[in-house]
Amino acid sequence: MGSSLFRTKNVEQSIRDTEEPEHALKKSLSALDLTVFGVGVIIGTGIFVLTGQVAKNNAGPAVALAFVAAGVVCALAALCYAEFASTVPVAGSAYTFSYASLGELPAWIIGWDLVLEFALGTAVVAVGWSGYMRSLLDNAGWHLPGYLSGRDGAHGFGFDILAALLVLVLTAILVLGMKLSARITSLVVAIKVAVVLIVIIAGAFFVQSRNYHPFIPPAQPVPAGASLKAPLVQLMFGWAPANFGVMGIFTAASVVFFAFIGFDIVATAAEETRNPQRDVPRGILGSLIICTVLYVAVSIVVTGMQNYTQLSVDAPLADAFKSIGHPWYAGVISFGAAIGLTTVCLILLLGQTRVFFAMSRDGLLPRFFSRVHPRFRTPHRPTILLGVIIAIVAGFTSLSELAELVNIGTLFAFVVVAISVIILRKTRPDLPRAFRTPWVPVVPIVSVCATLWLMLNLPAETWLRFAIWMVIGFAVYFLYGRSHSRLAHPEQPSEPEPAPPIS
């Protein structure tokens, strides 16, 4: 039994599975498409919201250094992802990579967790987008009734119709094809990046040097507390995150790190890329570099426009322009945020469906969901199923209940991918690697240490939710996945052969 839990699916078999006609995805993406996907999912609530929060509470103007630190941690993970994605160009990202190196049970754990993270992440973004849209509609004089905005306390019922509709529309787009998704994403990302550039260029004219003093405010330690809300590192070691000072920068990095999460979703589209060995590493690293530069530039400009102690936590970019008497820019930023969140939602949904599809194709989930659409060559069944479920979750769940989601699963995936690079270098040195992570094993080990440090800074209740979801996952695996895995029945064909035609 122990050996079966860690049976690996070799790289050659993974690639052969992508060539089965009924389970083959259409290859239509280029390096530019992948870079746009990466930028589209990374630039979202992080750049529009987190800048003010961490500047005001943790780092002051040095929030730019926090973005740099978080970007470095992501870059270490990105180098590992790039090697794996070029070596194993198969849908599923970290799930597929761990299946080829660590074994079936670790792969299941990663896949199970990513499905949850992407699903709730999509719901969070959809609810946030709905809030922006209701604000814009209110400004235009159109007011949705409370029971259709998810906040009708008087009748005890509320359904966020805008959030649910957004998820359903994006689900239809993903079913119709990746190229259509890429074109829509390119258009929306162009608008979003233009808004960010407006903030940087226009805001630069209103920067006042006195707002940068002190650049690193004096440290103000936060009293330690023993509550579930406290970071795990505080409960384990008694160390409390610092407000300001040098340590405040690292505390801020733990927060703004989640503004970068999304570049790994580029790897889930490897199977639908025309030249994955070349284009996937370019897409992963290119999107991360672009977003890091934009994040640093925006944080420098915003903290220069308005003193960090006065920055808004909810909408720091828009409110910074309001504070200097330019509400028009604030309106443009709010519009850009609302438009931009659609791509975040789209790409999170894309990543989730591809992980689910890959797990289904391997037999760990029902194979019914691994059939692609005969015309569009997309995994329409899991896309429709998950889209409907997420639409319902987004419609009935308030933002305050969803907002506590922290992407512990993605951090866990970073750790697994870094370890997998080292293992696969040892077990399969013969594999062709179009991109090679430099300084192995040093870079993967440093990536693991940096990621674990950020995980320890997550609230203890996040770890508790993570553990509960994992227990459910173990039950599903041992009751269904282990016995239905294709590796458990190697003698059987992947699909029943069709009966010969009657002559």
Side-chain angles (χ1 to χ4, degrees), residues 1-11 13-14 17-18 20 23 84 88 90-122 264-265 267-268 271 351-371 379 381-383 385-386 389-390 393 405 407-420 423-424 427 455 462-495:
M1 177 179 175
S3 60
S4 68
L5 297 180
F6 294 94
R7 55 196 175 199
T8 57
K9 181 179 180 182
N10 64 59
V11 175
Q13 181 59 50
S14 296
D17 287 348
T18 68
E20 296 174 351
H23 308 282
F84 248 118
V88 193
V90 179
S93 186
Y95 158 76
T96 301
F97 305 156
S98 56
Y99 210 163
S101 55
L102 300 179
E104 186 171 278
L105 182 59
W108 167 267
I109 293 172
I110 287 294
W112 180 253
D113 188 66
L114 288 180
V115 167
L116 173 72
E117 294 295 325
F118 290 156
L120 294 183
T122 305
D264 56 311
I265 293 180
T268 67
E271 192 175 325
Q352 185 206 31
T353 57
R354 270 43 181 185
V355 173
F356 195 98
F357 168 79
M359 296 174 73
S360 172
R361 190 166 56 187
D362 290 332
L364 299 180
L365 291 172
R367 293 268 288 167
F368 170 82
F369 295 107
S370 66
R371 297 287 187 98
R381 290 172 177 173
T383 301
L385 171 69
L386 296 171
I389 293 174
I390 295 172
V393 171
L405 166 73
N407 289 284
I408 188 172
T410 305
L411 285 165
F412 187 44
F414 286 3
V415 172
V416 171
V417 170
I419 294 174
S420 298
I423 293 176
L424 208 62
T427 58
M455 291 178 72
T462 298
W463 285 83
L464 180 61
R465 290 196 301 268
F466 179 72
I468 293 172
W469 180 250
M470 285 297 102
V471 169
I472 298 173
F474 277 114
V476 174
Y477 174 74
F478 284 105
L479 293 176
Y480 180 88
R482 181 170 170 269
S483 60
H484 288 80
S485 168
R486 290 179 65 180
L487 294 185
H489 308 283
E491 72 284 353
Q492 296 180 5
S494 60
E495 287 290 328

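Worth saying up front: this structure is predicted, and the values here are computed from it rather than measured.
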Give a yes or no on whether the backbone of P366 and the side-chain of S360 come within a donor-acceptor separation of less than 3.5 Å.
yes

Is there a donor in the side chain of E104 and an acceptor in the side chain of S485, or the other way round, less than 3.5 Å apart?
yes

Drop me the distance from L116's CG to I468's CD1, to the nearest 0.5 angstrom.
11.5 Å

Supply the atom-to-atom distance L385 CG to F369 CZ, rounded to the nearest 0.5 angstrom.
5.0 Å

Taken in chain and number order and not counting sequence neighbours, the residues that satisfy side chain to side chain contact (heavy atoms under 4.5 Å, CB included) with A100 are V11

Measure the OG1-CD1 distance between T122 and I390 for me, rounded to the nearest 0.5 Å.
4.5 Å

Return the set of residues passing side chain to side chain contact (heavy atoms under 4.5 Å, CB included) with T427 (not counting sequence neighbours), or none when no residue passes.
I423, L424

Taking all atoms of both residues into account, what is the closest heavy-atom pair of F478 and L5, and its distance?
CE2-CD2, 3.7 Å

So R486 and R367, do their side chains get closer than 4.5 Å, heavy atoms only?
yes

Check: L487 and T8 side chains under 4.5 Å, non-hydrogen atoms:
no

Value for CE (M455) from CZ (F414), rounded to nearest 0.5 Å, stands at 11.0 Å

Can you list every salt bridge (charged side-chain N to carboxylate O under 4.0 Å, His left out) pair that touches residues 106-115, not counting sequence neighbours?
none

Indicate the atoms forming the closest heavy-atom contact of S483 with L479, along with that distance.
OG-O, 4.4 Å

Non-hydrogen side-chain atoms of Q13 and N10 separated by less than 4.5 Å
yes

Give, for atom NZ of K9 and atom CG of D17, the distance between the pair rounded to the nearest 0.5 Å.
3.5 Å

Scanning both residues in full, the closest heavy-atom pair of Y477 with L364 reads CE1-CD2, 4.2 Å

Using the ring-ring contact (aromatic ring centres under 6.0 Å, His included) criterion, which residues pair with F474? Sequence neighbours excluded.
none

After noting the C-alpha distance and the side-chain angles of V416 and F97, does the key distance pass the side chain to side chain contact (heavy atoms under 4.5 Å, CB included) rule?
CA-CA 9 Å; V416 171; F97 305 156; over 6 Å; no

F356 and F118 aromatic centres sub-6.0 Å:
no

So F466 and W463, would you call those rings parallel, tilted or perpendicular, with 30° and 60° as cut-offs?
perpendicular

Do R381 side-chain atoms and F368 backbone N/O form a donor-acceptor pair below 3.5 Å?
yes

Check A488 against R482 and note the closest heavy-atom contact, atom names and distance.
CB-O, 3.7 Å

Side chain to side chain contact (heavy atoms under 4.5 Å, CB included) partners for T18, two or more places apart:
I15, V90, E271, R361

Which pair of heavy atoms, one from W108 and one from G473, lies closest together, and at what distance?
NE1-O, 2.9 Å

Is it the case that the side chain of W112 and the backbone of W469 share a donor-acceptor pair, with hydrogens and angles ignored and the cut-off at 3.5 Å?
yes

Not counting sequence neighbours, which residues clear side chain to side chain contact (heavy atoms under 4.5 Å, CB included) with A94? List them please.
Y81, I110, L114, A413, V417

If you take all heavy atoms of S101 and F84, which pair is closest and at what distance?
OG-CZ, 4.0 Å

